[in-house]
Amino acid sequence: MKITDFKLYRDKCFINGQWINADSSEIISVNNPATLEEIGTVPKCGKNETKLAIEAANKSWPEWRAKSAKDRSVILKKWYELIIDNKEELAQMMTLEQGKPINESRGEIVYGASFIEWFAEEAKRIYGDTIPDPLTDRRILVIKQPVGVVASITPWNFPNAMITRKCAPALAVGCPVVIKPASQTPYSALALAALAEEAGFPKGTLNVITGKASEIGDELASNSLVRKLSFTGSTEIGKILLQKCAGTVKKVSMELGGHAPFIVFDDANIDDAVIGAIQSKFRNTGQTCVCANRIYAQDGIYDEFCQKFVQATSELKVGDGLNEETTSGPMIDEYSLEKVEEHVQDAIQLGAKIAIGGSKHSLGMNFYQPTILTDVTPEAKITSEETFGPVAPVYRFKDENEVISLANNSPFGLASYFYSRDIGRIWRVSEALEYGMVGVNTGLTSKAEAPFGGIKESGLGREGSKYGVDDFLEVKYVNMCGLDK
Ligand code: ADP
C-alpha cells in the first residue's frame, strides 16, 4: 500500500484554505521508518509562508470568534465524525510515516478524535463570574475570551493526537490555529487539515505548514500576531522556544520531556504490574514522553517481577507496523536508535546486566530489541536521561521513603506510576511524587477527560479536561459603575 494512493494524502501545505507549495518549490522527503524508503515529499516552507499562515489565521479570527460556541461546536463535531469515519485510512497513513503498530495507530486516531469531541462540548461551558464590588453602585464581571492566533508545534511520536489535543480546545473557544507538524510525520497533519476543510472551518481558521523547523518555529515564536504558542517536544527545544516567546510575551504551553518512575511495591499485584510495565514502557517502542524510564521493584518481589517482566517482554513481536501481529515497530530514525545503543552500552559498562535484548534487532535498519537491564547503577546515563526507546532499566529498592526520594530525584516531572494495594500507601505516595500525573495500578493514564501535563522541566500548562481550555483564554474584568443613576 502506497501512501500516495490514499484519498486523504496531501503533499502541499494548507494555508488560508488553499493547498500550496513552498515559494521556493523546495521539498523535504518523508520516509517510512520500517523500510527507510521514501514515501513522498512535502513543501519545505520557511519564514514567508509562515507569516502568510499567521496573517491568514489572524484575518479569520473575527469571524471565528464571533460564532456562537454552539456553531463552532457543530463544525468541530463534524470534524470528529469525519475522523472516525476515516479511522482506518488515517491509521494506515500514520503507520506508514511513523512506524507504530497498526493497532496503536487505530487507537491513536480514536484517542486523538476524543479531544475534538470533548472540547466541542466543553466550549459551551466557558463560564465567567460576577463578584460583589465593595461599592454599592458597582458590579464586577469576569468574562473569558479567546487569546487570538495559536501556534502549535507538534512532535512525530503522536502525529495525530498531539495536534487535536492542542487545536481542539483552541478552535473550540474561538482561536484560529497555525500547525507545524514534525517533518517526519506531516501526512497525518495534512490529512487532518483535509478533513477540517470538509468539516467546514472558515478559510484561514486552521492552517498546516511544513518545512524547516527552526525557521518556522522562529517566526511562530516571534510574530506578534501569534498570542499563544503550544509546543510538544524535547525540553531542549522547549527552552529555546520559551526564550523566543519572551520577546512578545506570549502565552505558552510546553509539553516537554519526562523520565517516568514506575514503582512496584511488595504488596502489588505483580501480574497487573507486569501488564502495566509492558504498556507503559514498550508502547510506541518506548517513544512517548510518559514512558516508564526507571522501573523500581521492591526487594520482596524484585525477582518475581523481573522474571515475569522478562517473560512478557519476550512475547513482544517486533516488525513492520503494518503487520497486524506486530506489537513493537521500528524507532523513528537512526539518531534515536543511536541514543538507545549509547544508553545500553553505558549502563553495561557501569555494571548493568542484560536480562533480555540489549542490541539491534536482526531485522536491521531502525529496529531495536525490547530490552530489560537489571542491576543498573545510579551513575548510568539511563538513570537520569530520557532514553525514548525500548529499554527498561530495573532497580531494586528497600522502602517507601527511599523509592520516593529516588523517584523525585529528577529535573523532570511529567508522568509517574506505582503499583500497590495498600490504601494508606496509595495516598501517601500519590501526594509525595513530584509529577504532574500519577498512575496508580495502571500504566496508561492519558484521556481527554483528564489534565495531561508536567511540572519542573517537563512543562507548563495542561491539555485535555476542563482545564485544557484555560491556556487559550484571557480573563477579562469589567467593572460596571454608576448603576445607582
Ligand atoms: P523530538 O523530535 O525529539 O520529538 P524536537 O523538540 O526536536 O523533539 O521536535 C519537536 C517539534 O519541534 C517538531 O515539530 C520539530 O520539527 C520542532 N522543532 C525542532 N527544532 C525546532 C526549533 N529550533 N524551533 C522550533 N521548532 C523546532
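For clarity, every value in this text was computed on a predicted model and none was experimentally measured. The first residue in the sequence is number 1, and the count goes up from there. For ligands, and for the atoms within them, numbers begin at 1 and follow the listed sequence.
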Can you name the atoms of ligand 1, numbered from 1 with element, that are less than 4.0 Å from a heavy atom of Gly217?
25 (C)
Looking only at protein heavy atoms, which one is nearest to atom 17 (C) of ligand 1, and what is the separation?
Ile153 CG2, 3.7 Å
Minimum non-hydrogen distance to atom 16 (O) of ligand 1, winning option of Gln287, Lys180, Glu215
Lys180
Indicate, as side chain, backbone, both or neither, the part of Phe231 found under 4.0 angstrom from ligand 1 when only non-hydrogen atoms are considered.
side chain
Mind checking whether Glu104 and Met94 have side chains closer than 4.5 Å, heavy atoms only?
no
Tell me which one of Tyr419, Tyr296, Phe418 satisfies ring pair (Phe, Tyr, Trp, His ring centres under 6.0 Å) with Phe262.
Tyr419
Evaluate the ring planes of Phe115 and Tyr111, with Trp represented by its six-membered ring, and classify them as parallel (under 30°), tilted (30 to 60°) or perpendicular (over 60°).
perpendicular
Name the closest protein heavy atom to atom 7 (O) of ligand 1, giving the residue it belongs to and the distance to 0.1 Å.
Ile237 CG1, 3.9 Å
By number and element, which atoms of ligand 1 are closer than 4.0 Å to a non-hydrogen atom of Ser234?
5 (P), 6 (O), 8 (O)
Which residue supplies the protein heavy atom nearest to atom 2 (O) of ligand 1, what is that atom called, and how far is it?
Trp156 NE1, 3.0 Å
Shortest non-hydrogen pair, Pro146 vs Cys175, comes out as CB-SG, 3.6 Å
From Lys7 atom NZ to Asn86 atom CG, the distance as rounded to the nearest 0.5 Å:
4.0 Å
Salt bridge between Arg165 and Glu463, side-chain N to carboxylate O under 4.0 Å?
yes
If you scan protein heavy atoms around atom 19 (C) of ligand 1, the nearest is Ala213 CB, 3.7 Å
In terms of the angle between their ring planes, are Phe282 and Phe309 parallel, tilted or perpendicular, with boundaries placed at 30° and 60°?
tilted
What atoms of ligand 1 come within less than 4.0 Å of a heavy atom belonging to Thr154?
11 (C), 13 (C), 14 (O)
